[in-house]
J.: 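There's a structure below that I have some questions on.
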Amino acid sequence: MTEDLSAIPERAVAKVDPGIYDSYVGQYEFAHGVIYTITKEGNKLFWQITDQTQRKELLPLNENTFFSDGISGQMVFVRNSTGKVTEIILREADSEVKARKIR
């Protein structure tokens, strides 16, 4: 999944407290079995597809919504009523794909 960055409008990176990133760290499984692993290193958040060596930085649009050069849309972290992160939603064009947090 690659993206021609020149084909999309420039996205502004928001300033958010990197302390919130701890709640996003974990593994998220899509219905078709693909797992995204979210990690934090220092004040940066990264995503990686299981069994792939390359990881990519997630950049915030706001506290819950991120973009990356490997995602043409947005990755949204969803919290339940108690504030716990339970899933991510990948929004691309007119579609949304959900992945539940498994660890």
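FYI, side chains are in, hydrogens and waters are out, and symmetry mates aren't considered; it's all heavy atoms of this structure.
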J.: Can Phe46 be reached from Val34 by stepping across I, L, V, M, F, W or Y side chains whose heavy atoms are under 4.5 Å apart?
T.: no
J.: Can you tell which of Ile88, Leu59, Leu45, Val76 makes a side chain to side chain contact (heavy atoms under 4.5 Å, CB included) with Phe66?
T.: Leu45
J.: Does this structure show an ion pair linking Lys101 with Glu87, if we count only N-O contacts that are shorter than 4.0 Å?
T.: no
J.: Rounded at 0.5 Å granularity, tell me how far CD in Glu96 sits from CD in Gln74.
T.: 10.0 Å
J.: To the closest 0.5 Å, what do you measure between NZ (Lys44) and CZ (Arg55)?
T.: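 Going from the NZ atom of Lys44 to the CZ atom of Arg55 covers 9.5 Å.
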J.: Taking C-beta and beyond as the side chain, do Arg79 and Ser23 meet within less than 4.5 Å on heavy atoms?
T.: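 The answer is yes; the side chains approach within 4.5 Å.
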J.: Can Ser72 and Glu92 be counted as having a side-chain donor-acceptor contact under 3.5 angstrom?
T.: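 Per modelled atom types, Ser72 and Glu92 side chains form a pair under 3.5 Å.
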J.: Using every non-hydrogen atom in the two residues, find where Phe67 and Pro60 come nearest and quote the distance to one decimal.
T.: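 Heavy atoms of Phe67 and Pro60 come nearest at CE2-O, 4.3 Å.
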J.: If I take atom CE from residue Met75 and atom CG from residue Leu58, how far apart are they, to the nearest 0.5 angstrom?
T.: 5.0 Å
J.: Between Ile89 and Phe77, is the side chain to side chain contact (heavy atoms under 4.5 Å, CB included) condition met? List the steps.
T.: CA-CA 7 Å; Ile89 299 173; Phe77 290 89; over 6 Å; no
J.: Go through it in stages, so that I can follow the logic: the residues are Ile35 and Ile49, the test is side chain to side chain contact (heavy atoms under 4.5 Å, CB included), and I'd like the CA-CA distance, side-chain angles, deciding distance and then a yes or no.
T.: CA-CA 6 Å; Ile35 296 174; Ile49 298 174; over 6 Å; no
J.: Which distance, rounded to the nearest 0.5 Å, do you find between the NZ of Lys40 and the OH of Tyr21?
T.: 9.0 Å
J.: What distance do Thr39 atom OG1 and Glu57 atom CD have between them, rounded to the nearest 0.5 Å?
T.: 10.5 Å
J.: Do Leu90 and Val25 land in one hydrophobic cluster if side-chain heavy atoms of ILVMFWY residues count as linked below 4.5 Å?
T.: no
J.: Distance only, no hydrogens: is a donor on one side chain within 3.5 Å (strictly under) of an acceptor on the other, for Thr37 and Gln27?
T.: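 Yes - a donor-acceptor pair under 3.5 Å links their side chains.
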J.: Please check if atom CG in Asp51 has more than 12 non-hydrogen atoms from other residues, nucleotides or ligands closer than 6.0 Å.
T.: no
J.: Under a 3.5 Å distance rule, please check whether Asn62 uses its side chain to pair with a backbone N or O of Thr65 as donor and acceptor.
T.: yes
J.: Within the structure provided, determine whether Val85 and Tyr28 are in side-chain contact (heavy-atom separation under 4.5 Å).
T.: yes
J.: Does Thr50 reach the side chain of Tyr36, with side-chain heavy atoms less than 4.5 Å apart?
T.: no
J.: Can you tell me how far CD1 of Ile102 sits from OG1 of Thr86, rounded to the nearest 0.5 angstrom?
T.: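 Reported value, rounded in 0.5 Å steps: 13.5 Å.
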J.: Do the non-hydrogen side-chain atoms of Asp69 and Lys56 ever get within less than 4.5 Å of each other?
T.: yes
J.: If every non-hydrogen atom of Ala12 is compared with every non-hydrogen atom of Leu61, which pair is closest and at what distance?
T.: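 Ala12 and Leu61 have their closest heavy atoms at O-CD2, 3.5 Å.
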